[in-house]
Every structure is written in structure tokens, then in C-alpha cells.
There are 2 protein chains.
Amino acid sequence: MFSIGELAKQTKVKIPTIRYYESIGLLKPAERTEGNQRRYTAEGLERLGFIKHARELGFSVESISSLIELQEHPDRSCYAATALAETQLRTVRSKIKQLRSLEQELARISTGCSGDGVSENCYVLSSLANHDLCNKDH
Amino acid sequence: MFSIGELAKQTKVKIPTIRYYESIGLLKPAERTEGNQRRYTAEGLERLGFIKHARELGFSVESISSLIELQEHPDRSCYAATALAETQLRTVRSKIKQLRSLEQELARISTGCSGDGVSENCYVLSSLANHDLCNKDH
DNA sequence: CCTTGAACCTCTAGTCGCTAGAGATATTAT
DNA sequence: ATAATATCTCTAGCGACTAGAGGTTCAAGG
């Protein structure tokens with residue numbers, strides 16, 4: 001049996017976050033001691049690890065709820081779980097794409113101004129003001 | 001003189017967002033008609049365009065405030081503005097890096113389960129549960 | 001057994017960057 | 001003059017936490 005603090009240390013999820021997950025139903029309510037403190041089993045540890053990993057992969061809390069439900073009713077879960085992962089993959093890929101175009105523009109902007117002291121005509125500021133200087137259309 | 005609605009149409013920034021920007025001091029308070037409605041000049045249009053562009057590039061509202069201040073006191077602004085852009089660039093690059101590692105893991109996860117009906121042993125779910133299956137350490 | 005200090009409890013409110021809705025007023029076109 | 005549309009302020013909500021106040025419980029040492 002772990003206290004919430006030990007659980008936090010093991011999973012590197014902060015204590016208030018653990019309580020938050022319980023409050024929104026992502027973690028099922030922990031057992032309590034006589035004095036009302038939470039006690040966790042290895043199962044709770046495992047589940048929190050699952051949640052943490054999925055959050056790191058960018059799954060929303062809602063998606064994680066679905067994944068957990070799938071875990072508990074394993075019939076046909078494979079298709080649905082794979083579908084969720086694929087949706088997530090698409091989201092990540094489109095984010096990457098968008099960020100790469102930002103990267104290009106920022107790189108162009110921040111090297112445009114060489115820093116030789118001509119300050120009235122800052123390339124960064126004028127680039128931001130005038131979207132036409134930008135090749136991409138975001 | 002534009003109404004807030006025209007401004008919204010031109011810049012593609014939503015009306016409540018424009019009012020929000022004013023409320024947090026990012027846009028200076030617009031002039032008003034007799035009947036208390038906002039009226040904007042070309043200058044306001046330009047500034048909102050600047051803000052929009054900077055937001056699209058991922059600058060925080062706080063950074064944009066700094067950029068605007070720099071714009072209004074143009075001495076030495078070039079260095080500071082370039083520094084802000086470079087910080088932003090570093091942030092974007094590190095986000096890309098992180099997302100790419102997520103992409104790899106998600107791609108691996110979601111192709112692992114071929115979908116031939118073996119449901120008890122879903123690769124997606126077990127990968128999420130067991131971080132050891134993952135090569136990266138996020 | 002008792003005390004002390006760390007860890008825990010609940011509850012409320014704050015974060016960021018908006019977005020949505022209610023209910024009232026203003027402008028514009030006919 | 002009237003009707004339709006646009007705008008106003010204000011409050012509350014989103015997601016996913018995080019921080020703090022004020023009170024209780026646990027574990028270890030004396």
C-alpha cells in the first residue's frame with residue numbers, strides 16, 4: 001500500500017494532479033485509511049503510469065478515459081484503441097507540419113536583422129506587422 | 001473608421017477576442033461612438049494584424065506586449081526583438097523535436113496491432129501501460 | 001504513551017487564451 | 001417609424017492542471 005506521496009514520487013505525477021485525476025473520474029477513488037488518507041495498490045500505480053504515459057503522448061484526458069474503458073472491456077478493444085492511436089498520430093503529424101512552417105519563418109525573421117545597430121528598421125517587427133513578407137499562409 | 005465587426009472580418013480575429021485583447025491591454029482602448037460602440041482606424045487594424053500574426057507564430061500574449069512596447073520605443077528595439085524571436089525559435093524547435101519522438105512511438109504503437117481480431121492482447125494498450133516497450137525516455 | 005513535524009485532507013481560486021451566452025442598447029436600411 | 005442586425009457589458013466555461021489556506025493524521029523519537 002502506497003501513500004499518495006509515494007505514488008507521486010514513483011510516477012512523477014504531482015500530488016494535486018493525482019487528486020485531480022480522481023476528481024474527474026480518471027482514477028477510481030482510492031481506498032482510505034481510518035483517518036481518511038488515500039492508500040494505493042500496485043494496480044493504482046500501474047494505472048497512473050498508463051495515464052501519465054498517454055498524457056505525454058498528447059492524448060487528451062477524454063481519450064484516456066476511452067482507452068481505460070476499452071481496457072476493462074477487452075472485446076473488440078483492439079480496433080478502437082488502434083483508431084484512437086491513429087487519430088492521435090494524425091494530430092501530432094499536423095502539429096509538426098505547422099510548427100515546421102513557423103520554424104522557417106522565425107528563422108528567416110531572426111536572422112534578417114543582423115544586429116549592426118540600425119534600429120529604426122527592425123526586420124523582426126516589420127515582418128510581424130506585415131504578413132506579406134511571409135511566404136507561408138498560416 | 002471600422003466597427004468591431006469589420007475589423008473582425010478583415011483580420012479574421014473573432015469579436016470577443018478583440019474585446020479580450022483590449023481588456024488585457026494588448027490593444028489600446030478604441031475610440032467610441034456616441035452610443036458607446038468601438039470604432040477603429042487603420043492603425044488599429046494594423047496592430048491587430050501584428051498581434052494575430054505573432055500569435056500564429058506562437059508568441060505568448062506577454063511576449064507580444066513586449067514586442068509592441070519595443071515598437072513604440074524604437075531605440076535598441078532591434079536587439080531585443082531579435083532576442084525574443086530567437087527564444088521563440090528555440091521553443092518551436094524543441095517542441096518539434098518532442099513531437100517527432102511522439103510520432104515515432106505512436107506510429108510504432110498503431111501499426112503493431114494489425115487488426116486481425118486478436119483482441120485480448122492489444123498492442124496499443126499494452127504499450128501505453130508499459131513504458132519499457134518504448135525506446136524513448138520522455 | 002506522548003509529542004512533534006512531516007505528510008495528508010478538503011476547498012476555493014488562479015492560470016492561459018480565449019469562447020459562449022444572456023439581456024440590454026445602438027445603428028442602419030427600408 | 002420600424003425592423004433587422006450589430007454591438008454593448010457581464011458572467012461563466014473550457015482543459016488540465018497548480019497554488020494556497022486552514023485543518024487533520026500519520027510515523028518516529030524520547
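Here the structure is a predicted model, which means the values were calculated and not measured. Proteins come first, then strands; the chains are lettered A, B, ... in the order of their sequence lines, and each starts at number 1. The analysis underlying the following values was restricted to heavy atoms, covering all of them including side chains, and did not include hydrogens, waters or symmetry mates.
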Separation of B/Arg38 atom CZ from D/dA6 atom C1', in whole Å? 13 Å

Scanning both residues in full, the closest heavy-atom pair of A/Leu84 with A/Phe59 reads O-CE2, 4.0 Å

Rounded distance in Å - CD1 (A/Ile64) to P (D/dG15): 13 Å

Do A/Gln37 and A/Ile4 have side-chain heavy atoms sitting under 4.5 Å apart? no

Return yes if a side-chain donor-acceptor contact under 3.5 Å exists between B/Glu6 and B/Ser3, otherwise no. yes

Could you tell me from which nucleotide to which nucleotide of DNA chain C, 5' to 3', there is an atom under 4.0 Å from chain A heavy atoms? C/dC8 to C/dT10

Linked, directly or transitively: A/Met1 and A/Leu7 (ILVMFWY side chains, under 4.5 Å): no

Salt bridge or not between A/Lys95 and B/Glu103? Use side-chain N to carboxylate O under 4.0 Å. no

Carboxylate-amine/guanidinium contact B/Arg90 B/Glu86, below 4.0 Å: no

Should we say atom CD of A/Gln10 is surrounded by more than 12 heavy atoms from elsewhere, each under 6.0 Å from it? yes

Do B/Arg108 and B/Glu105 meet the salt-bridge criterion of a basic N to acidic O distance under 4.0 Å? yes

Here the pair of heavy atoms bringing B/Gln88 nearest to A/Leu106 is CG-CD1, 3.7 Å

Within-4.5 Å side-chain heavy-atom neighbours: B/Tyr20 and B/Leu26: no

Name every residue in residues 2-24 of chain A that has at least one heavy atom under 4.0 Å from any atom of DNA chain C, in order of residue number, or write none if there are no such residues. A/Ser3, A/Ile4, A/Gly5, A/Ile15, A/Arg19

Would you tabulate the nitrogen or oxygen pairs shorter than 3.5 Å linking the protein to nucleotides 24-27 of chain D?
unit_1: D/dC26; atom_1: OP1; unit_2: A/Thr33; atom_2: OG1; d: 2.8
unit_1: D/dC26; atom_1: OP1; unit_2: A/Gly35; atom_2: N; d: 3.0

Separation of A/Glu56 atom CD from D/dA16 atom C1', in whole Å? 15 Å

